[in-house]
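All values reported here derive from a predicted model rather than from experimental measurement.
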Amino acid sequence: MKLPVIKHLTQFIENNDQDYIVETIEVLENLTELESLKDEELDVIGELISNMYGALEVQKLIKEGKDKKTALNEFMQRVLGSIDK
């Protein structure tokens, strides 16, 4: 996951609607079923999906009342905490 990408996607959600991200995730997940995709291509799609889910989580924290910076930091701490385990 890349924080700059998550920040950018979070801004996109604020300017538009999270439905765009949800629908894009659905398209990308469907695309992963294509047998002719190479591992590198699947890795890129997986990274995009991860960042989009991350942006949705950050947006959820913002809706709960946290400011954007706090929401981003809290989310990244959770991610890093889960990696350390």
Novice: List the atom pairs, with distances to 0.1 Å, where a side-chain N or O of residues 47-54 and a protein N or O form a donor-acceptor pair under 3.5 Å, not counting sequence neighbours.
Specialist:
{"unit_1": "E47", "atom_1": "OE2", "unit_2": "M1", "atom_2": "N", "d": "3.2"}
{"unit_1": "S50", "atom_1": "OG", "unit_2": "G46", "atom_2": "O", "d": "3.2"}
{"unit_1": "N51", "atom_1": "OD1", "unit_2": "K2", "atom_2": "N", "d": "2.9"}
{"unit_1": "N51", "atom_1": "ND2", "unit_2": "E47", "atom_2": "O", "d": "3.0"}
{"unit_1": "Y53", "atom_1": "OH", "unit_2": "E29", "atom_2": "OE2", "d": "3.0"}

Novice: Quick one: do V27 and V44 end up in the same hydrophobic cluster if we chain Ile, Leu, Val, Met, Phe, Trp and Tyr together by side-chain heavy atoms under 4.5 Å apart?
Specialist: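 No; V44 is not reachable from V27 via cluster members.
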Novice: Atom CG of L31 and atom OG1 of T24: how far apart are they, to the nearest 0.5 Å?
Specialist: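 So the CG of L31 and the OG1 of T24 are separated by 12.0 Å.
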Novice: If you round to the nearest 0.5 Å, how far is CD1 of I21 from CD1 of I13?
Specialist: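 Separation between the atoms: 5.0 Å.
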Novice: Under the side chain to side chain contact (heavy atoms under 4.5 Å, CB included) test, which residues partner D43, sequence neighbours left out?
Specialist: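 For D43, no residue satisfies side chain to side chain contact (heavy atoms under 4.5 Å, CB included) once neighbours in sequence are set aside.
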Novice: By side chain to side chain contact (heavy atoms under 4.5 Å, CB included), which residues pair with Q77, not counting sequence neighbours?
Specialist: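 For Q77 there are no side chain to side chain contact (heavy atoms under 4.5 Å, CB included) partners, ignoring immediate neighbours.
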Novice: Hey, what do you get for CD (Q18) to OG1 (T10), rounding to the nearest 0.5 Å?
Specialist: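 So the CD of Q18 and the OG1 of T10 are separated by 10.5 Å.
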Novice: Classify the side-chain pair N73/T70 by whether it contains a donor and acceptor separated by less than 3.5 Å.
Specialist: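 Short answer, no.
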Novice: Cluster question for you: counting only ILVMFWY and a side-chain heavy-atom cut-off of under 4.5 Å, with indirect links fine, are L37 and I25 together?
Specialist: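 Same cluster.
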Novice: Any idea which heavy atoms bring D17 and D19 closest together, and the distance?
Specialist: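 Minimum heavy-atom separation between D17 and D19: OD1-N, 2.7 Å.
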Novice: Output the distance between atom CZ (F75) and atom CG (L61), rounded to the nearest 0.5 Å.
Specialist: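 F75 atom CZ to L61 atom CG measures 8.5 Å (nearest 0.5 Å).
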Novice: Please enumerate all residues that pass salt bridge (Lys or Arg N to Asp or Glu O under 4.0 Å) together with E26, with sequence neighbours excluded.
Specialist: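 Scan of E26 (salt bridge (Lys or Arg N to Asp or Glu O under 4.0 Å), adjacent residues dropped) gives none.
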Novice: By salt bridge (Lys or Arg N to Asp or Glu O under 4.0 Å), which residues pair with K68, not counting sequence neighbours?
Specialist: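 Expected list: E14.
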Novice: What do the steps show when you test L9 against L56 for side chain to side chain contact (heavy atoms under 4.5 Å, CB included), and what is the final call?
Specialist: CA-CA 8 Å; L9 290 169; L56 290 173; over 6 Å; no
Novice: Please report the closest heavy-atom contact between E41 and S36, naming both atoms and the distance.
Specialist: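 Heavy atoms only, the tightest pair is OE1-O, 4.4 Å.
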Novice: If I take atom CD1 from residue I45 and atom CG from residue N30, how far apart are they, to the nearest 0.5 angstrom?
Specialist: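 The CG atom of N30 is 10.5 Å from CD1 of I45, to the nearest 0.5 Å.
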Novice: Considering all heavy atoms of both residues, which atom of I62 and which atom of A71 are nearest to each other, and what is their separation?
Specialist: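 Result for this residue pair: CG1-CB, 3.8 Å.
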Novice: What residues, two or more places apart in sequence or in another chain, satisfy side chain to side chain contact (heavy atoms under 4.5 Å, CB included) together with L3?
Specialist: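 Counting only residues at least two positions away or on another chain, L3 forms a side chain to side chain contact (heavy atoms under 4.5 Å, CB included) with K7, L72, M76.
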